[in-house]
Amino acid sequence: QVQLVESGGGLVQAGGSLRLSCAASGRTLSRYVMGWFRQAPGKERDLVATINRSGSNTYYGDSVKGRFSISRDNAKNTVYLQMNNLKPEDTAVYYCAAGSAIVLLRTTREYEYWGQGTQVTVSS
């Protein structure tokens, strides 16, 4: 079992930045591919970014490419999402997820463990 806890969400003006963290406990994070997803009211949960176990490979959703960056520190059992140049359409609950795989995982059903989510609100 892996427990995931997100933090770092909040209210920010358009053009601003936030850094989300996802702290894991229970098992070492290096066993898992990690992903960040987001879900806005009335919409599906969509992939924001994913990173492989070593941190050497990443993938981003089209809407965040060039603005967001995913990273991980396996020694600290933590995954990060740096979000720059935020836009009002980035407003959503952001979720951290872990999946047992050796390739990047892009869909919700491929992930086994989920955090409770953290709210990000971007004002115009």
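From a predicted model like this one, the values you see are computed outputs, not experimental measurements.
- Shown here for Val33 and Ile51, the closest heavy-atom pair between the two residues is CG1-O, 3.4 Å.
- Looking only at distances, a side-chain donor or acceptor of Arg72 sits under 3.5 Å from a matching main-chain atom of Asn52.
- Pairing each heavy atom of Leu4 with each of Gln116, the nearest pair is O-OE1, 3.6 Å.
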> Would Thr121 and Val12 satisfy side-chain contact (heavy atoms from CB on, under 4.5 Å), going step by step from the backbone distance to the final call?
Replying inline: CA-CA 6 Å; Thr121 302; Val12 63; over 6 Å; no

> Hey, mind stepping through Trp114 and Phe37 against ring-ring contact (aromatic ring centres under 6.0 Å, His included) and telling me if it holds?
Replying inline: CA-CA 10 Å; Trp114 292 84; Phe37 288 78; 5.0 Å; yes

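- Scanning all heavy atoms of the two residues, the minimum distance from Ala14 to Pro88 falls at CB-CD, 4.1 Å.
- In this structure, NZ on Lys76 lies 13.5 Å from CG on Leu29, to the nearest 0.5 angstrom.
- Taking 4.5 Å as the limit, some side-chain heavy atom of Asp46 sits within range of a side-chain heavy atom of Glu44.
- Atom-to-atom distance recorded for Thr78:OG1 and Leu20:CG is 12.5 Å, nearest 0.5 angstrom.
- The CZ atom of Arg67 sits 6.0 Å away from the CG atom of Asn85 when rounded to the nearest 0.5 Å.
- To the nearest 0.5 Å, atoms CG (Leu47) and CG (Asp62) are separated by 10.0 Å.
- The ring of Tyr32 has its center no closer than 6.0 angstrom to the ring center of Tyr111.
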>> For a side-chain contact (heavy atoms from CB on, under 4.5 Å) check, start with the C-alpha distance between Val122 and Val120, then their side-chain angles and the critical distance, and finish with the verdict.
In response: CA-CA 7 Å; Val122 184; Val120 172; 4.2 Å; yes

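- Under 3.5 Å, the side chains of Ser100 and Glu112 contain a donor-acceptor pair of N or O atoms.
- Side-chain contact between Arg53 and Ile102 is present, with heavy atoms from C-beta onward closer than 4.5 Å.
- Contact annotation: the side chain of Thr50 never approaches that of Thr58 to less than 4.5 Å [non-hydrogen atoms, C-beta and beyond].
- Distance CH2/Trp36 to SG/Cys22: 5.0 Å, rounded to 0.5 Å.
- Contact check for Ser63 versus Arg38: side-chain heavy atoms found under the 4.5 Å cut-off.
- No chain of hydrophobic side-chain contacts below 4.5 Å, direct or via other Ile, Leu, Val, Met, Phe, Trp or Tyr residues, connects Met34 to Val93.
- Under the 4.5 Å side-chain contact rule for hydrophobic residues, Val79 and Leu18 share a cluster.
- By the criterion of side-chain heavy atoms lying less than 4.5 angstrom apart, applied directly or through intervening Ile, Leu, Val, Met, Phe, Trp or Tyr residues, Val48 is not grouped with Tyr95; the two fall into different hydrophobic clusters.
- Ala49 and Tyr60 get closest at one heavy-atom pair: CB-CD2, 3.5 Å.
- Side chains of Asn77 and Arg27 form no contact here, defined as non-hydrogen atoms less than 4.5 Å apart.
- The CZ atom of Phe68 sits 9.5 Å away from atom OG of Ser17, with the distance rounded to the nearest 0.5 Å.
- Under the 4.5 Å side-chain criterion, counting only non-hydrogen atoms from C-beta, Glu6 is not in contact with Tyr94.
- Looking at Tyr113 and Gln1, their side chains come closer than 4.5 Å, going by heavy atoms from C-beta outward.
- Nearest heavy atoms, Ala40 versus Thr91: CB-O, 3.8 Å.
- Between Val2 and Ala24 the shortest heavy-atom distance is CG1-CB, 4.2 Å.
- Residue Lys65 qualifies as enclosed at atom NZ: its count of foreign heavy atoms under 6.0 Å is above 12.
- Within the 4.5 Å cutoff, no side-chain heavy atoms of Tyr80 are placed close to those of Ser69.
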